[in-house]
Protein chains: 4
Amino acid sequence: MTTISETIPKRAAQSTAKPVPKGKVKIAKALISLLEEKEFNAITTAQISQRSGVSEALIYKYFGDKRDLLHQVLGGYLDDYLDQLELELRGIKGTLKRLRKLIWSQLNLYESNRVLTQILLLDVRSSPCYFDSESYAQVKRHSKIIMNILEEGVKKGELRRDVPLVSMRQVILGGIEHMCLPKIIYKKRYSPEDLTKDLFKIVLEGIVNRPANNKKTA
Amino acid sequence: MTTISETIPKRAAQSTAKPVPKGKVKIAKALISLLEEKEFNAITTAQISQRSGVSEALIYKYFGDKRDLLHQVLGGYLDDYLDQLELELRGIKGTLKRLRKLIWSQLNLYESNRVLTQILLLDVRSSPCYFDSESYAQVKRHSKIIMNILEEGVKKGELRRDVPLVSMRQVILGGIEHMCLPKIIYKKRYSPEDLTKDLFKIVLEGIVNRPANNKKTA
Amino acid sequence: MTTISETIPKRAAQSTAKPVPKGKVKIAKALISLLEEKEFNAITTAQISQRSGVSEALIYKYFGDKRDLLHQVLGGYLDDYLDQLELELRGIKGTLKRLRKLIWSQLNLYESNRVLTQILLLDVRSSPCYFDSESYAQVKRHSKIIMNILEEGVKKGELRRDVPLVSMRQVILGGIEHMCLPKIIYKKRYSPEDLTKDLFKIVLEGIVNRPANNKKTA
Amino acid sequence: MTTISETIPKRAAQSTAKPVPKGKVKIAKALISLLEEKEFNAITTAQISQRSGVSEALIYKYFGDKRDLLHQVLGGYLDDYLDQLELELRGIKGTLKRLRKLIWSQLNLYESNRVLTQILLLDVRSSPCYFDSESYAQVKRHSKIIMNILEEGVKKGELRRDVPLVSMRQVILGGIEHMCLPKIIYKKRYSPEDLTKDLFKIVLEGIVNRPANNKKTA
DNA sequence: CATGAATGAGCATTCATTCAT
DNA sequence: TATGAATGAATGCTCATTCAT
């Protein structure tokens with residue numbers, strides 16, 4: 001996970017046979033660096049050019065567009081994350097454990113990568129074309145991973161049948177986001193473990209007071 | 001609730017002894033109308049002036065600022081909603097019933113007032129100064145209403161004690177938002193009742209399969 | 001002199017048979033008050049209206065124009081000053097004494113009325129229409145007073161003949177202005193007496209070192 | 001001196017290794033051309049762009065700011081003038097001769113470069129930030145040159161000791177400015193030589209009628 | 001005597017983007 | 001591969017001014 005927050009996503013550098021121009025890397029790094037300071041829309045191509053040390057024109061050579069630049073950078077991050085998530089989930093058995101892993105992963109990603117989170121939770125939302133973008137495709141890929149876990153859970157009888165899976169997924173995703181949103185907004189740190197524990201309890205067992213809810217659940 | 005989506009919030013028109021200039025109303029209405037079509041940041045003062053039929057300068061006379069205009073319009077809506085919500089909750093007894101009412105109210109507001117929802121869920125999030133604004137104060141007022149219900153529920157022994165109330169609140173709010181978010185994004189309608197039922201079940205009882213979860217809960 | 005700096009010039013209030021509307025006075029006072037804080041061009045009618053407590057429209061009722069307002073206020077000051085100057089000079093005999101009085105009067109006016117000075121020395125200069133204005137007529141009236149003294153001085157043999165009077169006048173006026181200009185700019189106080197002494201020596205006797213110049217001259 | 005009034009100051013074009021973009025020159029020339037017609041504050045960026053034939057945006061690329069544009073143009077002129085003045089003074093011996101040279105230079109500059117004069121004597125005065133600007137630094141450089149001459153004069157016993165040098169300087173500067181100010185305002189031509197003669201006589205010997213004043217002084 | 005409502009015309013400034021070299 | 005030069009099209013905002021009441 002550290003590589004993601006510190007360097008350009010591997011995908012951009014790894015791809016076979018492409019020597020990856022230096023300028024392209026500089027530009028992407030400059031954008032990331034700037035995103036740590038301000039919202040994407042508040043970043044100008046002039047600033048990107050200045051910080052990267054290359055000309056503005058080069059941005060257009062490589063990315064065609066300011067938005068494209070963002071989406072490519074974003075895409076790199078997300079693909080890496082999703083690849084890793086799927087990899088880790090592969091080793092875990094049991095619906096609940098997998099669900100727990102997923103929740104923790106997401107909360108951990110958000111905590112360890114504030115820039116990405118900021119963008120995903122706040123910035124891109126308002127962007128009109130975001131939901132057609134490739135990045136959003138990755139968000140859907142993430143949704144799918146959850147759905148698979150949930151479906152499996154129902155099949156195995158571990159999850160209840162009388163609630164639509166889509167609703168479950170939305171509550172889980174919404175829960176994750178809203179657990180860390182205030183922290184992001186007010187720029188406070190949080191413990192992914194603690195939030196995972198809370199969210200997991202609530203979503204799994206509900207908030208109603210029942211004898212069962214006093215047992216340890218994780 | 002219908003009045004809210006079709007006219008300027010009463011607050012602006014009702015207040016004693018202020019004749020509320022026509023132009024001010026026109027401007028607010030024009031903004032609302034434009035918000036139905038595009039994101040706030042994509043709306044220009046020129047467009048507002050054009051649609052309202054008054055001069056751009058008048059916007060600044062009455063609202064001082066483009067942002068202020070948004071916040072005043074937003075504020076009117078939210079205050080009206082919160083007033084009404086508190087009123088309705090006053091007549092309802094029982095933590096669970098009150099919680100249910102609150103969830104339904106919110107989902108219903110979002111469904112019956114897409115413009116407002118769009119702004120609240122997507123647009124203002126990315127605005128850097130939003131969280132200092134008066135509108136955000138109202139969001140906090142809303143949070144407080146939930147907290148009160150939750151605290152009462154714990155006191156009465158209806159809600160579990162082993163999970164922080166704040167976490168509960170965030171999951172509920174996140175659940176509400178994410179239940180309707182896809183619908184908002186893809187501009188589909190939804191039934192507040194159905195979503196309320198789902199969300200209520202999940203949040204109250206959890207998603208784990210247990211005999212108790214097969215009983216009717218609402 | 002105190003009345004000039006603290007109230008509206010008498011002229012505006014005194015003139016026979018005109019009840020001088022309250023609003024007019026308020027406006028003029030508001031302008032003066034604002035001129036103490038900022039340059040005329042930086043003052044808006046909105047600010048004048050706000051500080052005076054009357055509507056913007058009233059400014060136009062009474063003064064027709066923002067510039068007119070300035071010129072009327074300016075004119076009042078200057079007429080009062082010139083009236084007084086002429087009165088005082090009437091009692092003084094001897095070209096040099098009269099010249100000295102004039103220099104001191106001007107330096108004293110500038111010192112005791114910074115607002116007026118600021119305008120006269122800095123603000124109005126750049127105003128394209130200033131030199132056609134009534135205020136400028138008063139500046140010319142002032143020039144004439146000097147010229148009369150100088151002409152008399154030449155006639156009496158007290159002043160040299162081999163330099164055009166106009167040049168003398170310009171050096172005197174330029175000397176006066178430049179003696180106090182730095183003080184005005186840097187908002188420091190000065191002693192009109194001291195500056196008068198210096199200026200008088202220089203203009204009268206020149207800066208060349210001669211035995212005669214070591215005698216007391218005032 | 002003619003180059004100064006007709007072209008962009010050499011400084012901007014001469015400096016080694018900088019190819020000085022065409023647009024930048026065009027903009028500066030356009031400003032100068034416009035300054036011949038109206039006051040700086042009355043000149044809009046739109047007009048500059050129109051007359052220069054380049055886009056408004058380019059002004060900001062090269063000068064950052066409308067004010068900066070003025071100050072850069074101004075600065076070029078003044079630096080050139082001051083460099084030349086110091087050079088010429090270097091060849092002249094004797095306080096009085098040097099003083100005379102300085103007065104003539106200034107009057108000649110003003111006569112041969114009306115635009116610059118207009119700005120220096122009328123426009124920039126009212127600009128609140130002018131006195132912090134680089135241009136004003138050059139004005140102070142000019143003051144220093146005079147002071148050096150005066151100090152030397154006193155040391156050598158050529159100038160009187162009983163008047164502060166600062167006062168002398170102010171009278172000289174004020175004299176220079178007021179000698180040509182009416183000509184500038186009414187757009188009449190004048191002879192720098194004649195005005196120099198008058199001013200020199202007055203400042204050096206004073207206006208009082210004495211036998212010595214009938215001798216030739218220059 | 002006074003004003004609330006409304007505005008036309010303008011203004012400095014911004015910024016993503018293009019293209020010849 | 002890289003860029004310096006240049007820009008079109010907005011954009012939010014200002015302010016002196018008018019006029020019906």
Side-chain angles (χ1 to χ4, degrees), chain A residues 19 21-24 26-27 41-49 52-69, chain B residues 18-24 26-27 41-49 52-69, chain C residues 19 21-24 26-27 41-49 52-69, chain D residues 18-24 26-27 41-49 52-69:
Chain A
K22 268 187 187 174
K24 192 169 185 180
K26 279 189 200 163
I27 291 166
N41 281 321
I43 295 171
T44 69
T45 50
Q47 288 165 342
I48 296 171
S49 136
S52 64
V54 304
S55 73
E56 269 178 90
L58 208 57
I59 298 172
Y60 294 88
K61 268 267 147 59
Y62 286 131
F63 299 94
D65 200 305
K66 197 187 154 198
R67 288 228 80 80
D68 272 13
L69 167 56
Chain B
K18 279 181 215 152
V20 190
K22 266 185 188 175
K24 191 170 185 178
K26 279 189 200 163
I27 291 166
N41 282 320
I43 296 172
T44 69
T45 51
Q47 289 165 342
I48 297 171
S49 133
S52 64
V54 304
S55 71
E56 261 179 274
L58 210 56
I59 298 173
Y60 295 89
K61 268 267 147 69
Y62 288 128
F63 299 95
D65 201 300
K66 197 186 153 198
R67 289 228 78 81
D68 272 14
L69 167 57
Chain C
K22 267 185 186 173
K24 193 170 185 179
K26 279 190 200 162
I27 290 166
N41 281 321
I43 295 172
T44 68
T45 51
Q47 288 166 341
I48 297 171
S49 135
S52 65
V54 305
S55 73
E56 268 179 90
L58 209 58
I59 299 172
Y60 294 88
K61 267 269 146 63
Y62 286 130
F63 300 93
D65 201 305
K66 196 188 154 196
R67 287 228 80 80
D68 272 13
L69 167 57
Chain D
K18 277 181 216 153
V20 191
K22 266 185 188 174
K24 192 169 184 178
K26 280 189 200 163
I27 291 166
N41 282 320
I43 296 172
T44 69
T45 50
Q47 288 165 343
I48 297 171
S49 132
S52 64
V54 305
S55 70
E56 263 178 275
L58 209 57
I59 299 173
Y60 294 90
K61 268 267 146 67
Y62 288 128
F63 299 94
D65 201 301
K66 198 188 151 195
R67 289 228 79 79
D68 272 13
L69 167 57

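All values below were derived from every heavy atom in this structure, side-chain atoms included, with hydrogens, water molecules and symmetry-related copies excluded.
Counting only heavy atoms from C-beta outward, the side chains of D:Ile27 and D:Leu58 approach each other to under 4.5 Å. Looking at D:Ile59 and D:Asp65, their side chains never come closer than 4.5 Å, going by heavy atoms from C-beta outward.
Rounded to an integer number of Å, the gap from B:Arg67 CZ to F:dG12 P is 11 Å. Rounding to whole angstrom units, CG of residue C:Asn41 and C1' of E:dC11 are separated by 15 Å. Between the NZ atom of A:Lys66 and the P atom of E:dC15 there is a distance of 8 Å, rounded to whole Å. Between the CZ atom of B:Phe63 and the C1' atom of F:dT14 there is a distance of 18 Å, rounded to whole Å. Distance, C:Lys24 NZ to E:dC1 C1': 14 Å, rounded to whole Å. Whole-Å rounding puts the B:Ile59 CD1 to E:dA6 P distance at 13 Å.
Taking the side chain of B:Ser55 as heavy atoms from C-beta on, and the options E:dT17, E:dT7, F:dA2, the nearest nucleotide is E:dT7. Closest approach to the B:Lys61 side chain among E:dA6, F:dT3, E:dT3 is made by E:dA6 (side chain taken as heavy atoms from C-beta onward). Comparing E:dT7, F:dA16, E:dA2 against the side chain of C:Thr44 picks out F:dA16 as the nearest. You'll find that the side chain of A:Ala57 is closest to F:dT3, out of F:dT17, F:dT3, F:dG12. The side chain of B:Tyr60 lies closest to F:dC13 when the candidates are E:dA12, F:dC13, F:dT17. Closest approach to the B:Glu56 side chain among F:dT7, E:dA2, F:dG12 is made by F:dG12 (side chain taken as heavy atoms from C-beta onward).
Residues B:Leu58 and D:Asp65 both approach DNA chain E. Their nearest nucleotides, taken by heavy-atom distance, put B:Leu58 toward the 5′ side. In this structure, A:Lys22 and B:Gly64 both approach DNA chain F, and ranking their closest nucleotides by distance from the 5' end singles out A:Lys22. Looking at which nucleotide of DNA chain E each of D:Ile43 and C:Gly53 is closest to, the 5′-most match is held by C:Gly53.
Backbone-only engagement by A:Tyr62 is indicated by non-hydrogen atom pairs under 4.0 Å involving sugar-phosphate atoms exclusively.
B:Lys66 forms no cation-pi arrangement with B:Tyr60, by the criterion of a distance under 6.0 Å to the ring centre and an angle within 45° of the ring axis.
Remark: F:dT14 base-pairs with E:dA9; criterion is Watson-Crick or G-U wobble with both hydrogen-bond distances under 3.5 Å. Taking a pair to require two hydrogen-bonding distances under 3.5 Å in either a Watson-Crick or a G-U wobble arrangement, E:dC15 pairs with F:dG8.
When all heavy atoms of B:Tyr62 and B:Pro21 are compared, the closest pair comes out as OH-CB, 3.1 Å.
Distance alone, capped at 3.5 Å, places no donor-acceptor pair between the C:Ser49 side chain and the C:Thr45 backbone.
For the OP1/OP2 pair of E:dA16 and a distance below 4.0 Å, the side-chain nitrogens and oxygens of A:Thr45 include at least one atom meeting the criterion.
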